[in-house]
Structure formats: structure tokens, C-alpha cells
Asker: 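Questions regarding the structure given below will be posed in turn.
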Amino acid sequence: MPEFTVNTEGLPFSLPYTLDSGQAFRWRSDGNFWYGVVGKGVLKVRQDGTSLVCSSSSDVLDTQAVYRYFGLGEDLEKILASVMKDSYITSAVQTFYGLRIMRQDVWECLLSFVIATNSNIPRIKGMISNICQRYGEKVAFDGQEFFLFPSPDALSRATSADLEACGLGYRARYVKNISELVDSGYIDLEELRLHDYARAKELLTEEVLGKKTLMGIGPKVADCVLLFSCDKNSAFPIDVWMARVLATEYPTLFRGDVGSKLASKVAGQTSLSEATYEQVSSIAREYFGEYAGYAQQYLFHHARTKND
DNA sequence: TCCCAGGCTCAAC
DNA sequence: GTTGAGCATGGG
């Protein structure tokens, strides 16, 4: 069992804020250590001052992999300074200072956010845990059992009925459709990070004859994937929480037609059309700048934990 | 019990 | 192109 320490001296970082901010759904804490599955290995990690005390189940899950996974290579201080455009975001940044955007596996991230649609975080964790236990490879580590995230191959061989039994509901057919396309090589997820934001998003949400090729991936899911696993720091995912924050705290940014559609979304009366979503998202990206995705994540976490 | 959730698809204008 | 219903399910 490889044990190592990652030195984070001079790097602002909060392990709990990062792992508990709704980016990844498979981490749990026993109050001392955090346990999670990263790629092909299990990681046990504790933050101790300016270092991360780690042990892992695999040699490939080493210092370098952990460094990359937690986005420690990004200059967070500079990034946060650049997004603090007003008092509201400044307050969110100060409250959760050290929250970083992780660099997750694209496949796991994509499928996780397809499953996450129209659900809530506790249940999302349950659904993902179910498919991992049912279809993922079992790994024994630190006296416990863990499951790797299932491969496209394993999930493409599952029946929709089996997937529904994991609690996925109507999302089961999306998972099956995407797994088959990825497994067959129809789309290369690793290639996404090589394109710019706009092109990568196009590839994820492409339509043929008016039908989505990858079912269950709209603009919001695509933005989450691009931000959390494809290094697209300007991606600005807008879910109901973000719509609420934008409508309430940034009314001057959204006036006229876009503003009223955003308000309608917040009131639960309508959902954003793809065109309106792009308008709102584009305004937010222009306002917060190159690292808008970081702003988004601080605002999201801030909004969700307000009444805790 | 009812409302809501890191939305999306599909049919009907 | 835009809109609105429908969607499976479980947490709060």
C-alpha cells in the first residue's frame, strides 16, 4: 500500500470544501480521512497543515496523480483575484477559500452528470454508488471494499432494466446509449480537452437530423463535464441553484427578455431553452472572465450551504 | 403528503 | 425557433 505526502506549501487548498462542493460524488469521510476512488485506484487522504497525507491502493495513484487530480497546478490566488468582481462573489470566495476545481476522469464525470439531471446530490451519490457496486471492479483496500467506476464496456452490456434497478429511472436509457457510443469508439472523450471550449461543447451536444447523438447531455451537463474534466476553466454550468443566484444577486446583468426568462426559470415555471441558457451563460462568462468556472463553483457551494 | 432536485427529450406550435 | 408537458425516484 503506497504511502506518500503531497506538499501543498504556498498553495491555498481546502480538501473538505473541494470534495464537498458537488463536483464529485464518490468521496466520503470518516471524520479523519477522506476515501475516494481515482481512476484505477483507491485514495485515502487527510489534510495536515500544508501537506496531504496519502495512501493508495495502486502505484499509479502517486504524488503526481494526486497533484493533478486536485488541480494543484493552477495558481488559485491569481484565479480568485481575477473573479472577485463584486462584494457578493468576494464573500463567497472568502468563505470557501481553498476550494479548487478538480481534474476528474472524463468518462466518470460525463456519466455522473447525466445521472445527476433533475435530481439532488444525496440521491445522485446513491445512484452512482449503485452502478459502481453492480458493474465496477471490486478493490480491497485498508480493510474495506471499494468499487472502481464501471467501464463503458461493462455499462453497455447492462440492460436498461438492470440500470433502472440501480435507481436511475428514465436516465437508464441515456446511460446505455452513451456507454454504447463511447465503447464503440464513436466519440473519443479524451480528445475533448484538445479542443477549445466552444468546439468541445459542440461535440458533446451534437445533433444528427434533429436528434442528439449522445442522449441526456444538454448545455448544463456539457458545461459540468468541460469544467470538471476537460480543463475548460471558463465553462459556467447553470442549474437551478445558479439561476437563483444570478437572478437574485446579479439582476443588473440580466435585463429584458433574458432577465424575465431567467426569473421564470427560478420561479419553477419554465426551464431555460438552449438558446437562453447560452445567453445567460455567455453573460456570466464575460462578467467573471477567463476563470468563470471557479466563480461558478464558489457561488454554487455558497448557495447550497447557506442554511446549513 | 407534497415539493423539489447540478435538466433533458420530444411533440406541437 | 420556441414552448410546455412529461419524466422516475427518493430526500427533506
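Here is how names work: the chains are called A, B, and so on, in the same order as the sequence lines, proteins then strands, and each is numbered from 1.
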Asker: By a 5.5 angstrom centroid cut-off and a 30 degree plane limit, is there stacking between A:Trp241 and B:dG6?
Answerer: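 A:Trp241 ring does not meet the centre or angle cut-off for B:dG6; no stack.
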Asker: For A:Trp107 and A:Phe149, take the angle between the two ring planes, folded into 0 to 90°, and tell me which bin it lands in: parallel under 30, tilted 30 to 60, perpendicular over 60.
Answerer: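 If you compare the ring of A:Trp107 with that of A:Phe149, the planes turn out perpendicular.
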Asker: In whole Å, I'd like the distance from the CD1 atom of A:Ile178 to the P atom of B:dC8.
Answerer: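 It is 11 Å, rounded to the nearest whole Å.
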Asker: Between B:dG6 atom P and A:Lys125 atom NZ, what is the distance in whole Å?
Answerer: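 From A:Lys125 NZ to B:dG6 P: 11 Å.
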Asker: Here's a test for you: under side-chain contact (heavy atoms from CB on, under 4.5 Å), which of A:Val114, A:Val221, A:Ile187 qualifies with A:Leu214?
Answerer: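 Testing each of A:Val114, A:Val221, A:Ile187 against A:Leu214, the sole residue satisfying side-chain contact (heavy atoms from CB on, under 4.5 Å) is A:Ile187.
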Asker: Quick check: are there more than 12 heavy atoms from other residues, nucleotides or ligands sitting under 6.0 Å from CD of A:Glu290?
Answerer: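 Open.
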Asker: Just checking A:Tyr277: base, sugar-phosphate only, or nothing, at a heavy-atom cut-off of under 4.0 Å?
Answerer: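 Contact class for A:Tyr277: none.
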Asker: For a quick test of reading the model: is some side-chain N or O of A:Arg244 closer than 4.0 Å to OP1 or OP2 of B:dA5?
Answerer: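 It does, given that an N or O in the side chain of A:Arg244 lies less than 4.0 Å from OP1 or OP2 of B:dA5.
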Asker: Let me spell it out: for each of A:Gln296 and A:Lys212, pick the nucleotide of DNA chain B with the closest heavy atom. Which residue's pick is nearer the 5' end?
Answerer: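 The 5'-side residue here is A:Gln296.
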Asker: Checking contacts here: which listed nucleotide (B:dG6, C:dT3, C:dA8) is nearest the side-chain heavy atoms of A:Arg171?
Answerer: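 Looking only at heavy atoms from C-beta outward on A:Arg171, the closest nucleotide is C:dA8.
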Asker: If you look at every strand shown and take non-hydrogen atoms under 4.0 Å, does A:Val114 touch a base, only sugar-phosphate, or nothing?
Answerer: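 If one applies the 4.0 Å heavy-atom cut-off, A:Val114 turns out to touch nothing in the nucleic acid.
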Asker: Checking all strands, does A:Thr276 fall into the base, sugar-phosphate, or nothing category for heavy-atom contacts under 4.0 angstrom?
Answerer: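 Result for A:Thr276 = nothing.
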Asker: Take atom CG of A:Asn118 and atom P of B:dT9, then tell me their distance rounded to the nearest Å.
Answerer: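 In whole Å, B:dT9 P lies 12 Å from A:Asn118 CG.
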Asker: Which is more 5' along DNA chain B, the nucleotide nearest A:Met215 or the one nearest A:Lys220? Just name the residue.
Answerer: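 Its nucleotide being nearer the 5' end, the pick is A:Lys220.
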Asker: Heavy atoms from C-beta onward define the side chain here; which of B:dC8, B:dA5, C:dG4 lies closest to that of A:Val221?
Answerer: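 Nucleotide nearest to A:Val221's side chain: B:dC8.
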Asker: Students often get this wrong, so: under 4.0 angstrom with heavy atoms, is A:Ser21 touching a base, only sugar-phosphate, or nothing?
Answerer: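 Base contact - A:Ser21 has a heavy atom under 4.0 Å of at least one base atom.
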Asker: Take atom C1' in B:dG6 and the same atom in C:dG4, then report the distance between them in whole Å.
Answerer: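 Roughly 22 Å separates the two C1' atoms.
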Asker: Between C:dA8 and B:dA11, how far apart are the P atoms? Round to whole Å, please.
Answerer: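 Those two atoms are separated by 14 Å.
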Asker: Return the value, rounded to whole Å, for the distance between atom CE of A:Met127 and atom C1' of B:dA5.
Answerer: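 So the two atoms are 9 Å apart, to the nearest Å.
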Asker: Quick check: does any side chain N or O of A:Ser151 sit under 3.5 Å from a backbone N or O of A:Ala154, one acting as donor and the other as acceptor?
Answerer: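 Yes, A:Ser151 side chain to A:Ala154 backbone: donor-acceptor pair under 3.5 Å.
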Asker: How many Å lie between CD1 on A:Ile217 and P on B:dG7, as a whole number?
Answerer: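 Computing the A:Ile217:CD1 to B:dG7:P distance gives 14 Å.
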Asker: Rounded to whole angstrom units, what separation is found between the CE atom of A:Met242 and the P atom of B:dG6?
Answerer: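 Atom-to-atom, A:Met242 to B:dG6, this comes out as 13 Å.
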Asker: Would you classify A:Ile121 as touching base, sugar-phosphate or nothing, given that sugar-phosphate means primed atoms plus P, OP1 and OP2, and contacts are heavy atoms under 4.0 Å?
Answerer: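 Result for A:Ile121 = sugar-phosphate.
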Asker: Ignoring hydrogens and geometry beyond distance, is the side chain of A:Tyr170 in donor-acceptor contact with the base of B:dG7 at under 3.5 Å?
Answerer: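 Yes, the side chain and the base share a sub-3.5 Å donor-acceptor pair.
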Asker: Could you tell me how the ring of A:Phe70 sits relative to the ring of A:Phe13: parallel (under 30°), tilted (30 to 60°) or perpendicular (over 60°)?
Answerer: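 Tilted.
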Asker: For A:Pro12, does its backbone N or O pair with a side-chain atom of A:Arg100 as donor and acceptor, under 3.5 Å?
Answerer: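 Flag set: sc A:Arg100 to bb A:Pro12 pair under 3.5 Å.
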Asker: Rounded to the Å, how far apart are A:Leu272 CG and C:dG4 C1'?
Answerer: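 The distance from CG of A:Leu272 to C1' of C:dG4 comes to 14 Å, rounded to the nearest Å.
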Asker: Scan side-chain atoms only and decide if A:Arg244 and A:Thr248 contain a donor-acceptor pair under the 3.5 Å cut-off.
Answerer: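 There is no such pair between these side chains.
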Asker: Let's see if you can work this out: which of B:dC8, C:dG11, B:dT9 has an atom nearest to the side-chain heavy atoms of A:Arg173?
Answerer: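 Per side-chain heavy atoms of A:Arg173, the pick is B:dT9.
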Asker: What is the distance, rounded to the nearest whole Å, between atom CD of A:Glu274 and atom P of B:dT9?
Answerer: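 Between P of B:dT9 and CD of A:Glu274: 9 Å.
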Asker: Of the listed nucleotides (C:dT3, C:dT9, B:dG6), which one gets closest to any side-chain atom of A:Lys261?
Answerer: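 The nucleotide sitting nearest to the side chain is C:dT3.
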Asker: Looking across every strand, which nucleic acid part, if any, lies under 4.0 Å from A:Phe300 by heavy atom: base, sugar-phosphate, or nothing?
Answerer: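 Counting heavy atoms under 4.0 Å across all strands, the contact made by A:Phe300 includes a base.
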Asker: Considering every strand and a 4.0 Å limit on heavy-atom distances, what is the contact class for A:Ala275: base, sugar-phosphate, or nothing?
Answerer: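 Contact class for A:Ala275: sugar-phosphate only.
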Asker: Give one of base, sugar-phosphate or nothing for A:Gly22, where a contact means two heavy atoms less than 4.0 Å apart.
Answerer: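 The residue A:Gly22 makes base contact.
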